[in-house]
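Okay, structure first, notes after.
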Amino acid sequence: MGIIFDKYTAKFKKSKELYEKSRTLFPNGVCHDIRNHPPFPVVTDRCEGIYMTDADGHQLIDLWMGHYANILGHGSDAQKRGMERALAAGVHHGTLNRYQIEYAELVQRAIPELESMRFCTSGTEATMYVTRVARAFTGRHVIIKAEGGWHGGNSVLSTGVVPPFSKSSGPEGQKTVAVPYNDIEKTAEILRAHSEETAAIIIEPMMGSGGGITAAPEYLKLLRDFCDLTGTLLIFDEVITGFRFRWGSIWPLLGVKPDLFTFGKAAAGGIHIGIYGGRRDVMDIITKQKLFVGGGTYSANPVAMCVGIETLKDLETADYDKLNKAGEDFRQKLTTMTKDLPYPAYVTGFGSFFCVHFLDARFETITPQVIMTHTDKDRENLFKAAMLLNNVFTMHAGGAFSFMHLNEMTNSKLTEAYRKSFEMI
């Protein structure tokens, strides 16, 4: 570990200097904990296309792509067109503006099931508001979520995020219950115990920070059947999956339709956005009960709306089959590379999304519970540093392809970087 970190420190001298200054300004030196990593985070100067340039002038292939939001690349044509339109319009009106109506119509064309919606500025807000709507509509108080599921930093859904997956914590912990993702038997047992008091089940169709694992069809069917039987609402948190694997929601690929949705990230191509909505009869409770679910000074601002419009226009004709195939092929390459390593490493993901997991033991079946309770964090941190020495920025030892990653030269560089980094650690 010492040799790799020593080389890292020598390579990223300016980043180290700036990080030390940042620590005097921010707790842990960052404004989002995931952006900190040992021995210190790379400090970026600018990003363009699939590259980030750090404070020391190194050009790094970016697989993080702004928390997976920049699906068309950094500084995409859609971003530029949208920014120009927003600058001409005025970047913040604080009113109902024509651009939010135009954007909503485009979103609804991609996702007809989004019969009624509201915009906010982050996925955290969207998941907070949508659960508030569900509780008001059903008159019940319990929200079911998956162990390891990350739905943003709101207090409502912060239960069961990290091991040992406490079933209740925080100010609203008694109202939020965690179930083991893809474990049909245990989940069914917990659902039965709360059948009369559950307002909603919120689930990531593919877990992001929980390991890049997709919900099994039979697991989603269990949730859908429970909701239909008990009058519970099924919510898909698609802040990551929405517009990532197809133009719209992932649900047609998985075969189970939810009642409500949340979207973000790729839905506006890198600009701050949160969307929640779904069934009109459910969303109408906002009007009927004068529900407070629409705060936010910058909600539906022209910058987000205009960039969102241009992004969805470009994504409507984008070749998602090619993007997903590139991710699938690369996961297969990584699986081959990790197969004979002297330490346990496993590859997960879906479509253009992929993760590599370093564990403290070998397992036949990889689940979010296994990943989050058996991660070899030291090796994972070492691998991130090794990849940065090989000029690639990763998250969860992987990332997600944008449409700008799809060329053979990029593929070759990434393959070589992973090969070298596996050997280094």
Side-chain angles (χ1 to χ4, degrees), residues 65 67-72 106-115 117 123 126-127 130 144-146 148-152 157 181-182 200-225 227 233-269 273-279 308 311-312 314-328 330-331 348-355 368 396 398-403:
M65 298 303 291
H67 294 241
Y68 314 123
N70 290 292
I71 193 168
L72 292 171
L106 259 176
V107 171
Q108 197 172 68
R109 193 162 86 223
I111 312 157
E113 300 79 19
L114 211 60
E115 297 169 352
M117 72 192 84
T127 55
V130 81
I144 304 286
K145 67 177 293 289
W150 174 250
H151 302 285
L157 297 167
Y181 194 81
N182 275 346
I201 301 171
I202 185 167
I203 194 90
E204 292 176 277
M206 183 208 71
M207 292 192 86
S209 61
I213 293 177
T214 309
E218 58 271 22
Y219 188 72
L220 289 178
K221 185 177 186 304
L222 165 72
L223 303 183
R224 181 71 269 175
D225 289 348
C227 289
L233 297 170
L234 181 60
I235 305 169
F236 274 10
D237 178 356
E238 295 209 52
V239 170
I240 289 179
T241 62
F243 295 95
R244 162 55 53 187
F245 305 118
R246 62 183 298 274
W247 195 62
S249 165
I250 195 177
W251 86 258
L253 302 179
L254 303 180
V256 170
K257 181 172 72 173
D259 302 295
L260 298 169
F261 303 81
T262 62
F263 296 96
K265 299 189 188 299
I273 188 67
I275 306 170
Y276 66 96
R279 280 171 40 189
T311 296
L312 294 196
D314 282 4
L315 288 178
E316 186 172 11
T317 57
D319 191 345
Y320 275 100
D321 289 340
K322 184 176 181 180
L323 181 67
N324 291 328
K325 181 66 163 52
E328 291 163 8
F330 198 70
R331 277 199 308 280
T348 61
F350 183 86
S352 56
F353 188 97
F354 53 94
C355 302
H396 307 302
F401 287 152
S402 74
F403 282 100

Requested in this report: In sequence, state the C-alpha distance, the side-chain angles, and the governing distance for Asn70 and Ser402, and then conclude on side-chain contact (heavy atoms from CB on, under 4.5 Å).
Outcome: CA-CA 7 Å; Asn70 290 292; Ser402 74; 6.0 Å; no

Report summary line: To the nearest 0.5 Å, atom CD1 of Ile144 lies from atom CD1 of Ile202 at 12.0 Å

Query raised in the report: In Å and rounded to the nearest 0.5 Å, what is the CD to OG1 distance from Glu238 to Thr262?
Result: 7.5 Å

Requested in this report: Check step by step if side-chain contact (heavy atoms from CB on, under 4.5 Å) holds for Leu220 and Phe236.
Outcome: CA-CA 10 Å; Leu220 289 178; Phe236 274 10; 4.1 Å; yes

Query - Min side-chain heavy-atom separation Met206-Phe245 under 4.5 Å - result: yes

Query raised in the report: Pairs in or reaching into residues 209-218: which pass salt bridge (Lys or Arg N to Asp or Glu O under 4.0 Å), with residues at least two apart or in two chains?
Result: none

Query raised in the report: Among all residues two or more places apart in sequence or in another chain, which pass the side-chain contact (heavy atoms from CB on, under 4.5 Å) test with Asp321?
Result: Asp319

**Report entry** Straight-line distance of Tyr181 OH to Tyr219 OH, nearest 0.5 Å
**Finding:** 8.0 Å

Query raised in the report: Can you name the closest pair of heavy atoms from Phe353 and Gly212 and give their distance?
Result: CE2-CA, 3.7 Å

Requested in this report: Report yes if some heavy atom in the side chain of Lys265 is under 4.5 Å from a heavy atom in the side chain of Ile240; otherwise report no.
Outcome: yes

Query - salt bridge (Lys or Arg N to Asp or Glu O under 4.0 Å) partners of Glu316, counting only residues at least two apart - result: Arg109

Query raised in the report: Judged by atom type as modelled, is there a donor-acceptor pair below 3.5 Å linking the side chain of Glu115 to the main-chain atoms of Arg279?
Result: no

**Report entry** For Asn324, all residues meeting side chain to side chain donor-acceptor pair (under 3.5 Å), sequence neighbours excluded
**Finding:** none

Requested in this report: Any chance you could measure Ser209, atom OG, to His151, atom NE2, to the nearest 0.5 Å?
Outcome: 9.0 Å

Report summary line: What one should report as the nearest heavy-atom pair of Met207 and Pro368 is SD-CG, 3.5 Å

Query raised in the report: Which pair of non-hydrogen atoms, one from Trp150 and one from Glu204, has the smallest distance, and what is that distance?
Result: N-OE1, 3.5 Å

Query - Asp314: partners by side-chain contact (heavy atoms from CB on, under 4.5 Å), with sequence neighbours left out - result: Leu72, Ala78, Arg81

Query raised in the report: Are any non-hydrogen side-chain atoms of Trp247 and Leu312 less than 4.5 angstrom apart?
Result: yes

Report task. Answer whether the closest heavy-atom distance between the side chains of Pro205 and Trp251 falls below 4.5 Å. Result -> no

**Report entry** Spacing of Arg244 atom CZ and Phe350 atom CZ [to the nearest 0.5 Å]
**Finding:** 12.0 Å

Query raised in the report: Can you find a heavy atom in the side chain of Ile213 that is under 4.5 Å from one in the side chain of Asn182?
Result: yes

Report task. Return the minimal non-hydrogen interatomic distance between Gly242 and Ala266, and the atom names on each side. Result -> O-CB, 3.8 Å

Query raised in the report: Can you find a heavy atom in the side chain of Phe243 that is under 4.5 Å from one in the side chain of Ile71?
Result: no

Requested in this report: For Lys325, enumerate each residue passing the side chain to side chain donor-acceptor pair (under 3.5 Å) test, keeping only those at least two apart in sequence or located in another chain.
Outcome: Asp329

Query raised in the report: Listed by chain and number, what are the side-chain contact (heavy atoms from CB on, under 4.5 Å) partners of Pro252, not counting sequence neighbours?
Result: Arg246, Ser249

**Report entry** side chain to side chain donor-acceptor pair (under 3.5 Å) involving Tyr320 - partner list, sequence neighbours excluded
**Finding:** none

Query raised in the report: By salt bridge (Lys or Arg N to Asp or Glu O under 4.0 Å), which residues pair with Lys257, not counting sequence neighbours?
Result: none

Query raised in the report: Can you list the residues that meet the side chain to side chain donor-acceptor pair (under 3.5 Å) rule with Thr311, with sequence neighbours excluded?
Result: none

Query raised in the report: Of the non-hydrogen atoms in Phe403 and Leu315, which two are nearest, and what is the gap between them?
Result: CE1-CD2, 3.7 Å

Query raised in the report: For Arg224, what residues pass the salt bridge (Lys or Arg N to Asp or Glu O under 4.0 Å) criterion, not counting sequence neighbours?
Result: Asp228, Asp259

Query - Arg331 side chain vs Cys355 backbone, donor-acceptor pair below 3.5 Å - result: no

Requested in this report: To the nearest 0.5 angstrom, please state how far the CG atom of Leu106 sits from the CD1 atom of Ile111.
Outcome: 10.5 Å

Requested in this report: Identify, with sequence neighbours excluded, every residue that meets side-chain contact (heavy atoms from CB on, under 4.5 Å) alongside Ala200.
Outcome: Ala134, Ile143, Leu233, Ile235

